[in-house]
Novice: 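Let me begin by handing over the structure; questions about it come next.
Indexing begins at 1, ligand by ligand and atom by atom, following the structure's order. Heavy-atom basis, side chains included; hydrogens, waters and symmetry copies ignored. This structure is a prediction, so every number in the text was calculated from the model and none was measured.
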Amino acid sequence: MAGVPATDRRLGIGFDVGGSGIKAGLVDIAAGELVGERLRVRTPDPSDPAAVAVAMHGLLEQLTAGRPAAAGIPVGVGFPAAVIGGVTRTAANVDRSWVGYPAELELARRLEHPVAVGNDADVAGLAEMRFGAGRGAVGTVMVLTIGTGIGSALFVDGRLVPNTELGHLEMRGKDAERRASDAARMRRKLSWGAWAKVFDEYLHLVQHLFWPDLFILGGGVSKRSERFVPRLTIDVPVVPAQLLNDAGIVGAAIVAHERFGRPAGRGRGRPSRGPAAARPDEAASA
Ligand code: BGC
């Protein structure tokens with residue numbers, strides 16, 4: 001897309017809210033890639049809604065400064081919780097006050113943009129299915145994002161089953177993400193080999209419940225896949241995500257764009273149970 005002025009592209013804004021950082025970027029919706037740099041700030045502590053909204057507001061101002069084309073653009077937010085009808089229903093790695101919080105309405109009020117909120121793994125998975133490692137994949141695809149927690153996004157023939165929350169499967173008496181996330185690898189100072197064993201156990205657990213045809217691994221560890229993927233014993237293809245750090249931002253922007261349409265206001269959109277379908281063929285006409 002080099003050489004195309006930003007005003008001529010379909011722009012979106014995406015946020016990826018995590019337990020340790022909040023990332024944001026302007027997104028070229030048709031190309032599924034960032035326009036300009038990815039911004040990041042540390043997640044405030046405590047990470048209550050008011051503090052997170054202030055941090056997001058700062059990032060939004062940086063992203064839109066000097067870009068009249070970005071005014072009023074829909075904002076998509078990937079958030080580490082089950083999100084139903086725009087309300088965050090859980091809060092594993094963020095402040096408890098997000099449980100039952102009308103995130104979509106409140107963020108729209110505070111950011112003064114239309115806002116769509118979805119589960120962070122769901123929106124990242126959506127981007128991977130359209131523009132990354134899952135492009136054209138049919139059957140059952142399980143996208144796992146491995147970071148502070150473990151997020152999951154389940155696709156059946158390209159269609160998302162939202163809010164699967166498989167990081168919280170029980171593994172030897174604990175939440176699996178407490179044992180097998182990247183944060184657990186770092187906290188327990190595990191070598192890649194030692195962590196690969198734990199993660200392999202987790203993949204088998206997921207496999208025995210869902211029997212996916214393909215696993216796509218996202219999150220920070222996807223950049224180091226050569227350190228652990230060859231050690232996995234699972235007999236299903238396991239591939240690293242391709243959009244790496246950008247998947248969450250890109251997917252969030254796509255979800256918002258599809259909910260609210262163009263800035264001029266084609267359709268006002270309404271809260272949904274989760275991000276829309278991720279059929280690659282639908283992406284072409286989005
Ligand atoms: C949350 C999920 C999220 C995952 C990755 C888990 O703790 O419950 O909603 O997708 O972390 O951030």
Novice: With distance as the sole test, does Thr90 use its side chain to make a donor-acceptor pair with the main-chain N or O of Ala82 at under 3.5 Å?
Specialist: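 Yes; judged by distance alone, with no hydrogens or angles, the pair exists.
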Novice: Is it true that the side chains of His113 and Thr64 contain a donor and an acceptor less than 3.5 Å apart?
Specialist: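 Per modelled atom types, His113 and Thr64 side chains form no pair under 3.5 Å.
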Novice: Are there any N/O pairs under 3.5 Å between ligand 1 and the protein, and if so, what are their distances?
Specialist:
unit_1   : atom_1 : unit_2 : atom_2 : d
ligand 1 : 7 (O)  : Asn93  : ND2    : 3.1
ligand 1 : 7 (O)  : His168 : NE2    : 3.4
ligand 1 : 7 (O)  : Glu177 : OE1    : 2.9
ligand 1 : 7 (O)  : Glu177 : OE2    : 2.9
ligand 1 : 8 (O)  : Glu165 : OE1    : 2.6
ligand 1 : 8 (O)  : His168 : NE2    : 2.6
ligand 1 : 9 (O)  : Ala81  : N      : 3.0
ligand 1 : 9 (O)  : Asn119 : ND2    : 2.9
ligand 1 : 9 (O)  : Glu165 : OE1    : 3.4
ligand 1 : 9 (O)  : Glu165 : OE2    : 2.5
ligand 1 : 10 (O) : Asn119 : ND2    : 3.2
ligand 1 : 10 (O) : Asp120 : OD1    : 2.5
ligand 1 : 12 (O) : Asp120 : OD2    : 2.6

Novice: Hey, mind stepping through Thr233 and Asp200 against side chain to side chain donor-acceptor pair (under 3.5 Å) and telling me if it holds?
Specialist: CA-CA 7 Å; Thr233 65; Asp200 194 45; 2.5 Å; yes
Novice: For the pair Ser222 (side chain) and Gly218 (backbone), establish whether a donor and an acceptor sit closer than 3.5 Å, ignoring hydrogens and angles.
Specialist: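 No: the side chain of Ser222 does not pair with the backbone of Gly218.
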Novice: Is it the case that Arg231 places NZ or CZ above or below the six-membered ring of Trp195, under 6.0 angstrom from the centre and within 45 degrees of the axis?
Specialist: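 That pair does not qualify as a cation-pi contact.
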Novice: Considering only residues two or more places apart or on different chains, which pairs with a residue in residues 52-73 satisfy ring-ring contact (aromatic ring centres under 6.0 Å, His included)?
Specialist: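 Matches after skipping sequence neighbours: none remain.
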